[in-house]
Number of protein chains: 2
Amino acid sequence: MKFNDKVPIYYQIKQYVYQEIILGHLKAGQKLPAIRQLAVTLTVNVNTIQRALSELTTEGIIITQRGKGNFVTNDTQLLQALKKRIVTEQFSELYDKMLALKITPAEMVQYLKNYIDQRKEVQHD
Amino acid sequence: MKFNDKVPIYYQIKQYVYQEIILGHLKAGQKLPAIRQLAVTLTVNVNTIQRALSELTTEGIIITQRGKGNFVTNDTQLLQALKKRIVTEQFSELYDKMLALKITPAEMVQYLKNYIDQRKEVQHD
DNA sequence: AATAGTGTATTAGCTTTCTATTACACTATA
DNA sequence: TATAGTGTAATAGAAAGCTAATACACTATT
C-alpha cells in the first residue's frame with residue numbers, strides 16, 4: 001500500500017479500515033484478517049498494525065478477542081454514524097482551510113464544481 | 001501558533017506563508033520578518049523556520065539575501081499561480097478521498113452544500 | 001497433550017523532526 | 001572599523017514513529 005510520508009502510517013491504516021467499513025467490504029461482526037496477515041498485505045510491521053487496531057478498539061469500531069482475532073463491532077448504530085463522521089470531517093477540514101484564505105462558502109461550491117468539470121475533461125484523454 | 005501534531009511543523013509553516021501571500025498580507029518583493037523574529041512569533045526553533053524557508057526558496061516563492069533577509073519573490077506570475085495551486089490541491093485531496101468512498105461528484109457538491117448550511121445554522125447560536 | 005493460529009508485550013536500533021546551543025559569514029551603518 | 005542585524009551551518013540530544021526479532025498468552029483443533 002502507498003502511504004503519505006507526511007502523516008503516521010498507523011493513522012492512515014485507521015482511515016483505511018474506516019473506508020473498508022464504509023464501502024461495506026467489512027461488515028458488522030465480520031472477522032478481520034489476522035494482524036500478521038495484515039502486516040504482510042499492507043507491508044508494514046505488526047506493531048504498526050497493532051497501534052492502529054488498538055485505537056480502533058478504543059473507539060469501539062473493532063472488538064478484539066484474544067486468541068481469536070479482531071472483529072468489526074456489531075453496534076450497527078456506530079457503524080451507521082461512521083460514514084457521516086468521516087465525510088463530515090473531510091468537508092470540515094476543507095471548509096476551514098478555504099475560510100482561512102477568505103474564500104466564501106459560495107465560492108467553495110463554485111471551486112468544487114470547476115474542479116469536477118476539470119477532472120471530467122482530463123478523463124477524456 | 002497552534003500546530004497539528006500529525007504533520008511536520010516546517011510543513012505547516014510553509015502553508016502559513018502561502019496563506020499570508022494569498023491573503024495579500026505578504027506582497028511581491030516584501031521583506032519577511034527576520035528568522036529569529038519568526039521563531040519567536042511562531043514559538044518554534046530557528047532551524048525549523050530555516051527548513052521551511054529553505055524549501056520555499058527552492059520553489060522560488062521566497063528569495064534569500066544573506067545578511068539582508070528573506071523577501072517574497074517579484075515574480076508576480078508565480079504569485080498569481082499560487083492561489084490556484086493551493087486551492088486546487090485542497091479540492092484534489094478532497095475529491096480523491098470522496099472517490100475512495102464511492103461518493104460521486106454530484107454527491108460531493110451536495111455534501112458540501114449541506115455542510116455549509118449546517119455551519120450557518122450553528123453560527124446563529 | 002501437542003500444535004497451529006491468534007493477539008500481546010518487550011527490547012533494540014534506525015530515521016525524521018524538533019529543539020538548544022554555538023559559531024560563523026555577510027550587510028549596513030554609526 | 002566596530003557593531004548590530006541579518007542568514008548559515010554544525011553538533012548534540014530528545015521524542016515520535018517504524019522496523020525487526022523474540023517471547024509470551026489465549027483459543028481451537030487434532
Side-chain angles (χ1 to χ4, degrees), chain A residues 1-18 20-21 26-75, chain B residues 1-18 20-21 26-75:
Chain A
M1 189 169 176
K2 42 136 196 48
F3 293 107
N4 174 351
D5 63 347
K6 285 285 179 302
V7 57
I9 293 175
Y10 78 89
Y11 193 83
Q12 296 179 62
I13 291 174
K14 282 178 65 179
Q15 300 293 321
Y16 171 73
V17 173
Y18 291 145
E20 289 302 290
I21 291 174
L26 286 176
K27 297 182 197 306
Q30 185 174 342
K31 184 175 183 297
L32 271 67
I35 59 172
R36 287 177 182 78
Q37 179 55 49
L38 279 172
V40 171
T41 304
L42 304 177
T43 59
V44 293
N45 192 271
V46 171
N47 298 322
T48 306
I49 301 287
Q50 265 292 47
R51 178 154 185 189
L53 293 188
S54 151
E55 294 201 0
L56 289 165
T57 298
T58 300
E59 292 177 24
I61 299 286
I62 297 297
I63 309 294
T64 292
Q65 288 188 280
R66 193 189 180 98
K68 292 185 174 173
N70 289 284
F71 302 82
V72 177
T73 181
N74 276 309
D75 183 342
Chain B
M1 188 168 177
K2 43 139 195 44
F3 292 107
N4 175 351
D5 63 349
K6 286 283 183 301
V7 58
I9 293 175
Y10 78 89
Y11 193 83
Q12 296 179 62
I13 291 174
K14 282 178 65 179
Q15 300 292 322
Y16 171 73
V17 174
Y18 291 145
E20 289 303 288
I21 291 174
L26 286 176
K27 297 182 195 307
Q30 185 173 342
K31 184 173 184 297
L32 271 67
I35 58 171
R36 287 177 181 79
Q37 180 55 51
L38 279 172
V40 171
T41 303
L42 304 177
T43 59
V44 294
N45 191 272
V46 170
N47 299 321
T48 306
I49 301 285
Q50 264 293 44
R51 177 154 187 190
L53 293 187
S54 150
E55 294 200 0
L56 289 165
T57 298
T58 300
E59 292 177 24
I61 299 286
I62 297 297
I63 308 295
T64 291
Q65 288 188 280
R66 194 189 179 99
K68 292 186 176 174
N70 289 284
F71 301 81
V72 178
T73 181
N74 277 308
D75 183 342

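All chains are named by letter (A, B, ...) in the order of the sequence lines, taking the proteins before the strands, and each is independently numbered beginning at 1.
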- Task: Verify, without hydrogens or angle tests, whether A:Gln65 (side chain) and A:Asn70 (backbone) share a donor-acceptor contact under 3.5 angstrom.
- Result: no
- Query: Is the closest side-chain heavy-atom distance between A:Gln15 and A:Tyr11 below 4.5 Å?
  - Reply: yes
Is there any protein nitrogen or oxygen under 3.5 Å from a nitrogen or oxygen in nucleotides 27-30 of chain C, and what are the pairs?
unit_1 : atom_1 : unit_2  : atom_2 : d
C:dA28 : OP1    : B:Lys68 : NZ     : 3.1

- In whole angstroms, how far is the P atom of D:dA16 from the CG atom of B:Asn4? 15 Å
- Could you check how far CZ of A:Phe71 sits from C1' of D:dT27, rounded to whole Å? 11 Å
- For C:dT17, does OP1 or OP2 lie under 4.0 Å from any side-chain N or O of B:Tyr10? yes
- Is any side-chain heavy atom of A:Tyr18 closer than 4.5 Å to a side-chain heavy atom of A:Leu56? yes
- Task: Name the residue closer to the 5' end of DNA chain D, choosing between B:Val46 and A:Arg36 according to the nucleotide with the nearest heavy atom.
- Result: B:Val46
- Task: Choose from D:dG7, C:dG7, D:dA20 the nucleotide whose nearest atom is closest to any side-chain atom of A:Thr64.
- Result: C:dG7
- Query: If you find the nucleotide of DNA chain C closest to A:Gly69 and the one closest to B:Tyr11, which residue's nucleotide is nearer the 5' end?
  - Reply: A:Gly69
- With A:Asn45, which of A:Leu42, A:Thr43, A:Asn47, A:Ile49 fulfils side-chain contact (heavy atoms from CB on, under 4.5 Å)? A:Asn47
- Task: Whole angstrom is fine here: how far is it from CZ in B:Arg51 over to P in D:dA9?
- Result: 15 Å
- Find the distance B:Asp5:CG to C:dT16:C1' and express it as a whole number of Å. 15 Å
- Message: Rounded to whole Å, how long is the line connecting atom CD1 of A:Ile49 with atom P of D:dC18?
- Response: 11 Å
- Message: Expressed as a whole number of angstroms, how long is the span from A:Leu32:CG to C:dT6:P?
- Response: 12 Å
- Message: Starting the side chain at C-beta, find the nucleotide from D:dT6, D:dT19, D:dG7 nearest to B:Asn70.
- Response: D:dG7
- Query: Heavy-atom distance under 4.5 Å between the side chains of A:Thr64 and A:Phe71, does that happen here?
  - Reply: no
- Query: Is there a donor-acceptor pair under 3.5 Å between the side chain of A:Gln30 and the backbone N or O of A:Lys27?
  - Reply: yes
- Note on the structure: The nucleotide from C:dC18, D:dA20, D:dG7 with an atom nearest the side chain of B:Thr48 is C:dC18
- Which nucleotide sits closest to the side chain of A:Asn47: D:dT19, C:dT21, C:dT17? D:dT19
- Grab the CD1-P distance between A:Ile9 and D:dA16 for me, whole Å please. 17 Å
- Rounded interatomic separation in angstrom, taking CG from A:Asn45 and C1' from C:dT10: 13 Å
- Message: Does any part of the side chain of B:Thr48, heavy atoms only, come nearer than 4.5 Å to the side chain of B:Ile13, both counted from C-beta?
- Response: yes
- Query: Of A:Lys6 and A:Gln50, whose closest DNA chain C nucleotide lies nearer the 5' terminus?
  - Reply: A:Gln50
- Considering only D:dG17, D:dA21, C:dT19, which nucleotide approaches the side chain of A:Pro8 most closely? D:dG17
